[in-house]
Novice: 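Have a look at this one before I ask anything.
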Amino acid sequence: REKFFGDQVFRINVRGGDEISKLSQLLNSDNFKLDVWKSPSTFSHPVDVLVPSVSLQPVKSFLKSQALQYSVTIEDLQALLDKEDEEMQHNEGQER
Amino acid sequence: SNNNFNYGAYHSLEAIYHEMDNIAGEFPDLARRLKIGHSFENRSLYVLKFSTAEGKRRPAVWLNAGIHSREWISQATAIWTARKIVSDYGKDPAITSILEKMDIFLLPVANPDGYVYTQTKNRLWRKTRSLNSRSPCIGADPNRNWNSSFAGAGTSNNPCSEVYHGPHANSEVEVKSVVDFIQQHGNFKCFIDLHSYSQLLMYPYGYTVNKAPDAEELDEVARCAAKALASLSGTKYQVGPICTTVYPASGSSTDWAYDNGIKYAFTFELRDTGHYGFLLPANQIIPTAEETWLGLKTIMEHVRDHLY
């Protein structure tokens, strides 16, 4: 199974068309292998993006350079996945 | 359940299908498991039909879940809802009267290939697993593949995109199976699609900012449903048309349903608002399902009282 060690989910706040446009440059680039969890809209809603560990620094640099505010909503994705997997296996055992 | 199925846990496709069969077996006068087609990788597409009057093509409700495979709370809520329907029929006046007038069809796993892939290879897979002839990338977005402003705003013609619409409308066999079933039936009045996450309750359109002809009524119904949902644990939902509540999205199931005569067409984006996102812990399955049920019942009661 694919692992997501070190990957994080960023919530990026966008206020208006200009910021959406800047963010779209980042999201449309193939370089960072970003996975958009919640897409940009034209209505200033936050955007959630899964950032692979190798892209954390460049993405942070880009966001800073474009003055785009963000927060880390999921710091350790793999930990959540491991817990989920463990619970599923435990439940399977219980049901059996 | 009596068969030890823990509704407060996530399950494999096999376990969900087994439990659907159990429900049909335990309540043969009310529920039947029907195969409506197969997936790209040849897995069965099973629905549960809840009906109190077999043999008649009565007004019907379609509950769609799991079309985006990584949104696990959707499939989990759906199988809980199946058990809830059979448990409450004959006891709860609302669901009893709904089923006296209408049939309910529940598809808990609309994208079985994707679901299995999330459990075996990549937990964050969203699309189908169909092959693209001119690309190494796999799958199309099954919620951009419906014949409603197909290939319009909010979709992509790039097979590697998460919102790739597919080579043509209904190219995804999972989508076509549902379309064919609903069209052959001909008497669906309500279509509800369960997704996550964001806590939204939306109605058409996704493909245009223009108001749907029934937007006012749908908005009112949705607000009542959101209020009912919130009454349980205070979970707040935002209500509005798809296009202006999230983003433009063409080729979606809800828009297709509406444009094909199914007036009461809604999309739920279930818990949460981003703290866990797609990885909602299993201990939130039952609270989510219980509150969602109140919203679903509100919508179905309105449909029951406003059949057209």
Novice: Sort B:T273 into side chain, backbone, both or neither according to what part of it lies under 4.5 angstrom from a heavy atom of chain A.
Specialist: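 For B:T273, the backbone is the part near chain A, not the side chain.
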Novice: Of all the heavy-atom pairs spanning B:Y276 and A:I74, show the shortest one and how long it is.
Specialist: O-CD1, 3.6 Å
Novice: Report the option among A:R11, A:R96, A:K3 that has the most heavy-atom pairs separated by less than 4.5 Å from atoms of chain B.
Specialist: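 The answer is A:R11.
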Novice: Just so I know, are the side chains of A:E84 and B:W72 near enough to count as touching, which here means a heavy-atom distance under 4.5 Å?
Specialist: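 In contact.
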Novice: Where is the tightest heavy-atom contact between B:R123 and A:L81, given as atom of each residue plus distance?
Specialist: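 B:R123 and A:L81 have their closest heavy atoms at CG-CD2, 3.3 Å.
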Novice: Given a strict heavy-atom distance threshold of 4.5 Å, which part of B:S196 is in contact with chain A: side chain, backbone, both, or neither?
Specialist: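 Neither the backbone nor the side chain of B:S196 comes within 4.5 Å of chain A.
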Novice: Can you find a pair of side-chain heavy atoms, one from B:L124 and one from A:F4, that are under 4.5 Å apart?
Specialist: yes
Novice: Tell me, do B:N283 and A:E87 make a side-chain contact under 4.5 Å, heavy atoms counted?
Specialist: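 Side chain of B:N283 against side chain of A:E87, heavy atoms only: no contact under 4.5 Å found.
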Novice: Looking only at heavy atoms, what is the nearest atom pair of B:E162 and A:D35, with distance?
Specialist: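 The answer is OE2-OD1, 3.7 Å.
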Novice: Considering all heavy atoms of both residues, which atom of B:Q119 and which atom of A:M88 are nearest to each other, and what is their separation?
Specialist: NE2-CE, 3.5 Å
Novice: For the residue pair A:N91 / B:Y10, report whether a side-chain donor-acceptor contact shorter than 3.5 Å exists.
Specialist: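 There is no such pair (donor and acceptor under 3.5 Å, judged by atom type) between the side chains of B:Y10 and A:N91.
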Novice: Within a 6.0 Å radius of atom CD on A:E75, are there more than 12 heavy atoms belonging to other residues, nucleotides or ligands?
Specialist: no
Novice: Side chain from CB out, backbone as N, CA, C, O: work out which of these in B:T245 comes under 4.5 Å of a heavy atom of chain A, or both, or neither.
Specialist: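 Contact with chain A is through the backbone of B:T245 alone.
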Novice: Under a 4.5 Å heavy-atom cut-off, does chain B meet the side chain of A:V9, its backbone, both or neither?
Specialist: neither
Novice: So for B:E269, is it side chain, backbone, both, or neither that comes closer than 4.5 Å to the heavy atoms of chain A?
Specialist: neither
Novice: Got B:R70 and A:W37 here, is their nearest side-chain heavy-atom distance under 4.5 Å?
Specialist: yes
Novice: Is there side-chain contact between B:S198 and A:K38, with heavy atoms separated by less than 4.5 Å?
Specialist: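 Yes; the side chains approach each other to less than 4.5 Å.
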Novice: For residues B:N6 and A:E95, determine if any side-chain heavy atom of one lies less than 4.5 Å from a side-chain heavy atom of the other.
Specialist: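 Yes; the side chains approach each other to less than 4.5 Å.
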Novice: List the atom of B:N122, the atom of A:E2, and the distance in Å for their closest heavy-atom pair.
Specialist: ND2-OE1, 3.5 Å
Novice: Once you round to the nearest 0.5 Å, how far does CG of A:L50 lie from CZ of B:F278?
Specialist: 10.0 Å
Novice: Can you tell me if CG on A:D30 sees more than 12 non-hydrogen neighbours from other groups inside 6.0 Å?
Specialist: no
